[in-house]
Amino acid sequence: MQIREGPGRRPAPSAVGALRSPMSAMMLAMVATMASFYVAGRLWQDAQNRVYLIKELDRRTGQGQSAISVDDTLKVVACRQQGKRLASLEMELAAAKHEGFVGKYTPETNGTHSRKKPLIVIGIMSSFGRKNYRDAVRKSWLPTGSMLKKLEEEKGIVVRFIVGRSANRGDTFDREIDDENRSTKDFLILDDHIESDEELPKKTKSFFANAAETFDAAFYAKVNDDIYINVDTLSAMLETHWDKPRVYIGCMKSGEVFSDSTHKWYEPDWWKFGDGKSYFRHASGEMFVISRAVAQFISINRSVLRTYAHDDVSVGSWMIGLAVKHVNEAKLCCSSWPSGAMCSAL
């Protein structure tokens with residue numbers, strides 16, 4: 001007997017699964033894709049937010065840029081290494097000197113040409129209208145012409161008259177100095193300084209700064225144009241100070257600070273020297289010597305170094321804050337004539 005299937009009979013479960021399986025996979029794939037996009041979008045947004053917050057924090061705290069760049073850091077490290085090397089060489093030099101080895105003035109070789117590094121640059125402070133003083137110096141201890149060149153090449157002693165410029169640039173005073181210099185070739189003209197008796201401290205500062213930039217010497221000396229110098233005695237004395245990289249040599253003194261405006265040595269800034277009104281230790285202004293490191297310091301800091309009414313006091317004030325060896329050298333007391341003196345007033 002054949003049995004007919006009724007109209008309400010359902011398909012087998014396996015058949016239903018077969019129909020739904022492709023559609024379910026498609027839906028699942030779509031959901032997974034959308035979820036991936038969503039997660040990726042959130043991650044990207046979070047990253048952008050973090051970048052924004054970091055930049056905003058840097059802007060508000062002033063740390064957007066590093067205070068010291070990598071290049072600056074490397075320069076500091078290199079300077080420290082050079083400082084250690086210099087300290088080691090100074091110790092070796094001191095030990096050698098203790099054993100009896102004394103540094104001498106020797107030539108340096110530059111490529112194929114041999115040249116001598118100057119032992120000292122002597123700046124003779126002069127001014128307009130003092131040609132007679134300059135001529136007296138030339139006739140007494142400063143050679144001229146080829147002998148001046150020989151003094152530089154053989155003994156390493158460079159001597160120049162130091163003169164500034166006129167307030168009326170190019171006037172008769174300037175032309176007279178230029179004409180004299182063309183004839184004698186023994187001037188260092190300070191184009192950045194206006195010649196004036198009241199500006200001698202600034203002139204001395206300008207000389208040391210310009211000399212340090214122009215001549216690679218071991219020492220630099222300031223001398224008045226009415227002073228006689230024994231250059232051989234000076235050279236011998238300087239050889240005893242090769243082991244002092246920062247040295248300040250002169251006839252050391254102190255003295256009263258004058259607050260009376262009518263006094264010859266009046267100091268407008270007298271109140272800065274305390275109730276005792278006494279100057280600190282400094283070298284007499286007739287002549288004194290500083291080493292290259294000190295001259296370089298003056299050159300680098302010339303715009304901020306304070307000057308007082310007198311150049312000797314001004315230079316002495318610059319030495320106070322530095323690790324400088326003060327040498328009281330009686331042979332540089334030019335106003336007197338002690339045994340073995342190297343300078344005196346003309």
Side-chain angles (χ1 to χ4, degrees), residues 82 86 89-90 93 97 102-111 113-126 137 141-143 147-163 181 184-190 192-193 203-225 227 229-250 283 286-302 305 311 315 318-319 322 324-327 329 331-332 342-343:
Q82 290 295 329
L86 178 60
L89 291 174
E90 289 174 359
L93 180 60
K97 182 173 173 28
V102 180
K104 298 293 183 182
Y105 173 64
T106 56
E108 290 186 349
T109 301
N110 182 12
H113 301 283
S114 178
R115 66 180 180 85
K116 288 185 176 180
K117 177 179 179 179
L119 170 66
I120 185 171
V121 175
I122 301 174
I124 306 174
M125 295 295 155
S126 193
V137 169
W141 66 271
L142 178 62
M147 296 304 293
L148 177 64
K149 194 68 174 177
K150 185 177 181 180
L151 179 67
E152 297 178 8
E153 294 177 349
E154 295 186 359
K155 295 187 177 182
I157 299 176
V158 178
V159 187
R160 295 290 186 272
F161 289 103
I162 311 302
V163 179
N181 186 36
T184 60
K185 296 180 173 57
D186 56 7
F187 279 85
L188 176 58
I189 300 175
L190 304 176
D192 60 349
H193 177 77
K203 180 178 179 179
T204 301
K205 179 172 65 172
S206 180
F207 157 64
F208 282 125
N210 281 277
E213 294 169 1
T214 306
F215 302 98
D216 184 22
F219 299 95
Y220 302 82
K222 176 261 177 179
V223 183
N224 289 343
D225 62 2
I227 297 298
I229 298 177
N230 185 325
V231 292
D232 292 327
T233 305
L234 176 62
S235 298
M237 183 272 289
L238 292 176
E239 286 186 352
T240 66
H241 297 291
W242 277 102
D243 60 336
K244 303 179 184 70
R246 294 174 299 278
V247 67
Y248 173 41
I249 312 169
E286 287 86 4
M287 179 179 182
F288 56 84
V289 181
I290 60 176
S291 59
R292 175 163 180 75
V294 180
Q296 287 178 322
F297 169 82
I298 296 173
S299 177
I300 294 170
N301 298 281
R302 62 193 300 181
L305 289 177
D311 68 330
V315 175
W318 306 335
M319 304 298 112
L322 302 179
V324 172
K325 176 69 174 179
H326 287 60
V327 177
E329 180 55 74
K331 295 178 181 179
L332 287 177
M342 63 189 73
C343 68

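All values below were derived from every heavy atom in this structure, side-chain atoms included, with hydrogens, water molecules and symmetry-related copies excluded.
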(message) Side chains of W242 and V247, heavy atoms from C-beta outward: is any pair under 4.5 Å?
(response) no

(message) Using side-chain heavy atoms (C-beta onward) and a distance below 4.5 Å, is R246 in contact with K325?
(response) no

(message) To check you understand the geometry: which heavy-atom pair defines the closest contact between R160 and F187, and what is its length?
(response) CD-O, 3.6 Å

(request) Please name the pair of heavy atoms, one in K203 and one in I162, separated by the smallest distance, quoted to 0.1 Å. (result) NZ-O, 3.0 Å

(message) Regarding K149 and E154, does a basic nitrogen lie under 4.0 Å from an acidic carboxylate oxygen?
(response) no

(request) Dump the intermediate steps for side chain to side chain contact (heavy atoms under 4.5 Å, CB included) on L332 and F288, then the final yes or no. (result) CA-CA 7 Å; L332 287 177; F288 56 84; 5.7 Å; no

(request) Check step by step if side chain to side chain contact (heavy atoms under 4.5 Å, CB included) holds for I157 and E152. (result) CA-CA 5 Å; I157 299 176; E152 297 178 8; over 6 Å; no

(message) M287 and side-chain contact (heavy atoms from CB on, under 4.5 Å): which single residue from N224, L234, I124, I249 fits?
(response) L234

(request) List the atom of P245, the atom of S291, and the distance in Å for their closest heavy-atom pair. (result) O-OG, 2.8 Å

(message) Distance check, rounded to the nearest 0.5 Å: S206 atom OG versus D192 atom CG?
(response) 3.5 Å

(message) Is any side-chain heavy atom of D216 closer than 4.5 Å to one of R292?
(response) yes

(message) Within this structure, what is the OG-CZ distance for the pair S235 and F219, rounded to the nearest 0.5 Å?
(response) 10.5 Å

(request) Check the pair K205, D311 against salt bridge (charged side-chain N to carboxylate O under 4.0 Å, His left out), reporting the backbone distance first and the verdict last. (result) CA-CA 8 Å; K205 179 172 65 172; D311 68 330; over 6 Å; no

(request) With side chain to side chain contact (heavy atoms under 4.5 Å, CB included) as the test, would you mind laying out the steps for V315 and Y248 before giving the verdict? (result) CA-CA 10 Å; V315 175; Y248 173 41; 4.1 Å; yes

(request) Run the numbers on V289 and L238 for side chain to side chain contact (heavy atoms under 4.5 Å, CB included), then give the verdict. (result) CA-CA 9 Å; V289 181; L238 292 176; 4.0 Å; yes

(request) Please round to the nearest 0.5 Å and tell me the distance separating atom CZ of F161 and atom CG of L142. (result) 5.5 Å

(message) When you measure from the side chain of K117 to the backbone of F215, do you find a donor-acceptor pair of N or O atoms at a distance under 3.5 Å?
(response) no

(message) As an exercise, state the distance from CD1 of I120 to OH of Y220, rounded to the nearest 0.5 Å.
(response) 10.0 Å

(message) Rounded to the nearest 0.5 Å, what separates atom CD1 in I227 from atom CE in M125?
(response) 13.0 Å

(message) For A211, is there any backbone N or O sitting under 3.5 Å from a side-chain donor or acceptor partner on T214?
(response) no

(request) Locate the shortest heavy-atom distance separating A283 from G250; write the atom from each residue and the value. (result) CB-CA, 3.9 Å

(message) Could you work out, with side chain to side chain donor-acceptor pair (under 3.5 Å) as the rule, every residue matching Q296, not counting sequence neighbours?
(response) none

(request) Please round to the nearest 0.5 Å and tell me the distance separating atom CH2 of W318 and atom CG of L305. (result) 5.5 Å

